[in-house]
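Just so it is clear: chains get the letters A, B, ... in the order the sequence lines come, proteins before strands, and each one is counted from 1.
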Amino acid sequence: MIEESEQQPEDLEAALDRIARTDAIGVTLRKAEEYAAKAREALALFPECEIRSLLIETASYSASRER
Amino acid sequence: MSKPGEAGLKALADYLAQDMRVCNQVIVARMQSPVALIPQLAAHLVAAGGKRLRPLLTLAAARLCGYDNQDGKQRHVEIAACVEFIHTATLLHDDVVDESQLRRGLASANAIFGNKASVLVGDFLFARAFQILTADASLDVMAILSAASATLAEGEVMQMTTQNDLSTSVDQYLQVIYGKTAALFAAACEAGAVIGESSPEWREALRVYGANLGMAFQLVDDALDYAADQAVLGKEVEMTSGKGKSPCRFWRRMNPEARKTAFSGAV
């Protein structure tokens, strides 16, 4: 239906239902956490300091934010 | 209750509050023009707020690498403003391409001022960004941010050309989000490292940090489009425009059974 661009109003609900049933959002969020972990690891060679800690926290935020 | 890390972002903004204040002043000053519609439209987007995460990254990277602006210059602030201009220009263009009516919970610039004005003011902001770069006169910073600007455009074109194509692979999807989001995060951090006169190792580490942060950020952004209440997020959930975020394509991309290619560490 996407390829034909002929969606009906009920198609959106069907698509969202399919996303929920297949845990597509969970898969995406777990992938995001993998990237966030790589971001945190990249800062390992910097000496410990406040701004490094804040950047590490920002990486955690990027994968856990709600808006 | 705050989520893990949320306090960290606020703490980063608080830590850099003085730099961000100056950065905001630079943004307002640099978007002025005798052509009244330009500052009027730009102010609409700037006033809508947003996290200002990209300029914060430039400021943070510069400070992490020891930039202390004791020379009286404000290079980190100027380049942070430049990064925000590049980002804002792409937002203006994206909302036209996507026919979006909402941005950050408010009417989008194209909804208020029309598509032509949004495209042209976006062009102005890109041009202004490159004026800031030439004034800074660092070939390294110019190379980083001009390359990121080209990658941003490539990401948007790739997104457009893969729309409505259900054979788009996960790797292609990751390429799109690297181009449209992560490349500028990486450049924002790397430019800050250059301003801080960092070692090549630190510069590369900050580039990698920014790229991975951007990937995480955009993945969550896409997931939030379908998991969060539309009004809370301030965006629209669409499935008919064929853009990269349509829920059917999102399902197809992220459904473990439907995936043809495995996720790979793209960065």
Nearest-0.5 Å distance, OG1 of residue Thr28(A) to OH of residue Tyr173(B): 6.0 Å

Atom pair OH (Tyr35(A)) and CG (Leu219(B)), whose distance is rounded to the nearest 0.5 Å: 6.5 Å

Heavy-atom closest contact (Leu54(A) atom, Ala11(B) atom, distance): CD2-CB, 3.3 Å

From CG (Leu12(B)) to CD1 (Ile56(A)), nearest 0.5 Å: 12.0 Å

Spacing of Glu34(A) atom CD and Met215(B) atom CE [to the nearest 0.5 Å]: 11.0 Å

Gap separating the CZ atom of Arg40(A) from the OH atom of Tyr209(B), nearest 0.5 angstrom: 9.5 Å

Stepwise side-chain contact (heavy atoms from CB on, under 4.5 Å) test for Lys38(A) and Val208(B): CA-CA 8 Å; Lys38(A) 285 186 193 174; Val208(B) 170; 5.9 Å; no

Stepwise side-chain contact (heavy atoms from CB on, under 4.5 Å) check, Leu56(B) with Thr58(A): CA-CA 11 Å; Leu56(B) 265 177; Thr58(A) 299; over 6 Å; no

Under 4.5 Å from any heavy atom of chain B - which part of Leu45(A): both

Exercise: identify the closest heavy-atom pair between Ala32(A) and Ala216(B): O-CB, 3.3 Å

Residue Leu29(A) versus chain B: region with a heavy atom under 4.5 Å: side chain

Contact origin within Glu201(B) toward chain A - heavy atom pairs under 4.5 Å: both

Which atoms of Leu53(B) approach chain A - backbone, side chain, both or neither, heavy atom under 4.5 Å: side chain

Chain B contact via Glu41(A) - side chain, backbone, both or neither, heavy atoms under 4.5 Å: neither

Trace of the side-chain contact (heavy atoms from CB on, under 4.5 Å) decision for Val220(B) with Ser62(A): CA-CA 7 Å; Val220(B) 172; Ser62(A) 72; over 6 Å; no

Leu213(B) vs Leu55(A), side-chain contact (heavy atoms from CB on, under 4.5 Å): CA-CA, chis, key distance, verdict: CA-CA 10 Å; Leu213(B) 181 70; Leu55(A) 286 169; over 6 Å; no

Residue pair Pro47(A) / Trp202(B): nearest heavy atoms and the distance that separates them: CD-CZ2, 3.6 Å

Side-chain touch Glu57(A)/Leu9(B), heavy atoms, less than 4.5 angstrom: no

Options Ala59(A), Ala39(A), Ala42(A), ranked by heavy-atom pairs under 4.5 Å with chain B, top entry: Ala39(A)

